[in-house]
Amino acid sequence: MSNWIERDKQAVMSTYGRLPIVIAKGEGNYLIDEDGKKYLDLFTGLAVNILGHSHPAVLKALHEQGDQFLHISNVFYNKPAITLAEKLTKLSIAGKVFFTNSGAESTEAAVKLIHKWTKRQGEERRGIVVMKKSFHGRTLGALKLTRQPGVYQDFPVTDVPVYEVEPGDSAALETIFQQHQPAAIIAEPLLGSGGIVPLSSSYLQAMEALCRQYGVLLCMDEIQTGVGRTGTFFAYQDAGIEPDVILFAKGIGGGLPLGGIIAAEKLADLFQPGDHGTTFAPSPLSAALGNAVIDVLIGQQQLERGKEAADLLLTSIYELQKRYPHFINEVRGKGMMLGIVLDLEPAHVKAIQRGLLEQGVMVDVTQQTIIRLLPPLTLSEEDIEVFITKLEQQLADVGGRS
Ligand SMILES: *Cc1c(COP(=O)(O)O)cnc(C)c1O
């Protein structure tokens, strides 16, 4: 076992299930471990490295901004961040951006903005609707412990009521809206860690219509689905709806921590100086990488090419399913965010993941029996062939074993 694995056990808290590999380098769509073994990376650091590793445009931005300054704080104007905010609103809705360092912080910013909006309306409207098995982050507490006038007292959002609905059931959604008069709904257009559960365009359209009818804010958590992952810049765009708030993070920073929310014009001026803030975000370096990511996706048509590669990947998985219909139950998702639902015991699925890793292919497993693929948009035809061939070998092996 690598010395690093033993040292990790001694020095780092054990909050993550790790794969027994120590990475030394990333190169395009591949990771290379300390023994020089190469792995096709179909996990991209949990939907972060949307352009793979060491993309030349990302590295160029890193060096150029690194030569200027790394951090200046929010008392100064931040040129890369201003440019990025302009690009993001141009690619989504008319409004303004608040930047954060992570997905969870984007959720918190959205919850505080929703609170401001509710107060502005002067209504007794309270609560937020979410989908069953949704994932929106792991924080919301620091605020409650900060004993300074104006910081917590003005934002009693840590005990906001939360209502859960079954994804796809618009009648249930309307009932909740009628019974509870919630302030907002926050939904992932395609549930990620909940098991790659897509919300259909018709459901999203119904959600939008109900939000307008009942005066509920429509918030899309695009933290995992955004920045081109599902084939459009944001996933909601495929349904032709217009959210009031968009949450983003993961892919935007090109590998560096960066997130934020985009709020529609009617909400864009609710936050006033002092209402919300953070020391680091937006890091000028992260924002410079964000600009590079967008320039590659849109300016260099990588979004379009990624969509074509994703279509080929999906077709190839469907063909594999035809050969192994007894093992592959269902293939779900969109673009470079796919779930292969296996009709196998969790132990067998774990064995397939380990087997693939030994053969140099890195995939994620979620909800125990779903192989989750979060490939880079730069995936090539050869990469797809490698993946399908190795997965087929694993399925054949399981067939022999069981
Ligand atoms: C990952 C994720 C988050 C949380 O992001 P962090 O950067 O880990 O805090 C929130 N929502 C969704 C949909 C996510 O996938």
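Index from 1, following the sequence. Atoms within a ligand are numbered from 1 in the order they appear, just like the ligands themselves. Keep in mind that this is a model prediction, so the values were computed, not measured.
- Heavy atoms of Thr107 come nearer than 4.0 angstrom to ligand 1 in no pair at all.
- More than 12 non-hydrogen atoms from other residues, nucleotides or ligands lie less than 6.0 angstrom from OH of Tyr214.
- Under the 3.5 Å distance criterion, with hydrogens and angles disregarded, a donor-acceptor pair is assigned to the side chains of Asn29 and Thr378.
- Contact atoms of ligand 1 toward Gly137: 4 (C), 10 (C) (distance under 4.0 Å to a heavy atom of the residue).
- Checking Arg7 against Gln10 by side-chain atom types alone, no donor-acceptor pair falls below 3.5 Å.
- The protein reaches atom 15 (O) of ligand 1 closely, with a heavy atom under 4.0 angstrom from it.
- Thr230 and Asp238 form no side-chain donor-acceptor contact under 3.5 Å, judged by distance and modelled atom types alone.
- Among all non-hydrogen protein atoms, the one lying nearest atom 11 (N) of ligand 1 is Asp221 OD2, 2.8 Å.
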Would Leu88 and Ile246 count as a side chain to side chain contact (heavy atoms under 4.5 Å, CB included) if you check the C-alpha gap in whole Å, the side-chain angles of each, and the deciding distance to 0.1 Å?
CA-CA 10 Å; Leu88 284 168; Ile246 301 158; over 6 Å; no

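- Evaluated by nearest non-hydrogen atom to atom 10 (C) of ligand 1, the leading choice among Leu247, Thr139, Leu191, Ile223 is Ile223.
- For Glu188, every heavy-atom contact with ligand 1 shorter than 4.0 Å involves the side chain, none the backbone.
- The shell of residues lying under 4.0 angstrom from ligand 1, judged by heavy atoms, includes Lys250.
- Remark: the Gln224 side chain and the Glu188 side chain contain no N/O donor-acceptor pair separated by less than 3.5 Å.
- Within ligand 1, the atoms closer than 4.0 Å to a non-hydrogen atom of His136 are 10 (C), 11 (N), numbered from 1 in the order shown.
- Residue, atom and distance of the protein heavy atom nearest to atom 7 (O) of ligand 1 are Gly103 N, 2.8 Å.
- Looking at Ala104 against ligand 1, both its backbone and its side chain come within 4.0 Å, counting heavy atoms.
- Here the heavy atom of the protein found nearest to atom 12 (C) of ligand 1 is Phe135 O, 3.3 Å.
- At a cut-off of 3.5 Å, with distance as the only test, no side-chain donor of Asp41 or Thr44 sits close to an acceptor on the other residue.
- Considering backbone and side-chain atoms alike, Gln224 places an N or O below 3.5 Å from some N or O of ligand 1.
- Using modelled atom types and a 3.5 Å distance limit, the side chains of Thr100 and Ser106 yield a donor-acceptor pair.
- Counting heavy atoms closer than 4.0 Å to ligand 1, residue Arg138 contributes nothing at all.
- In this model, no donor atom of one side chain and acceptor atom of the other lie less than 3.5 Å apart for Thr389 and Glu392.
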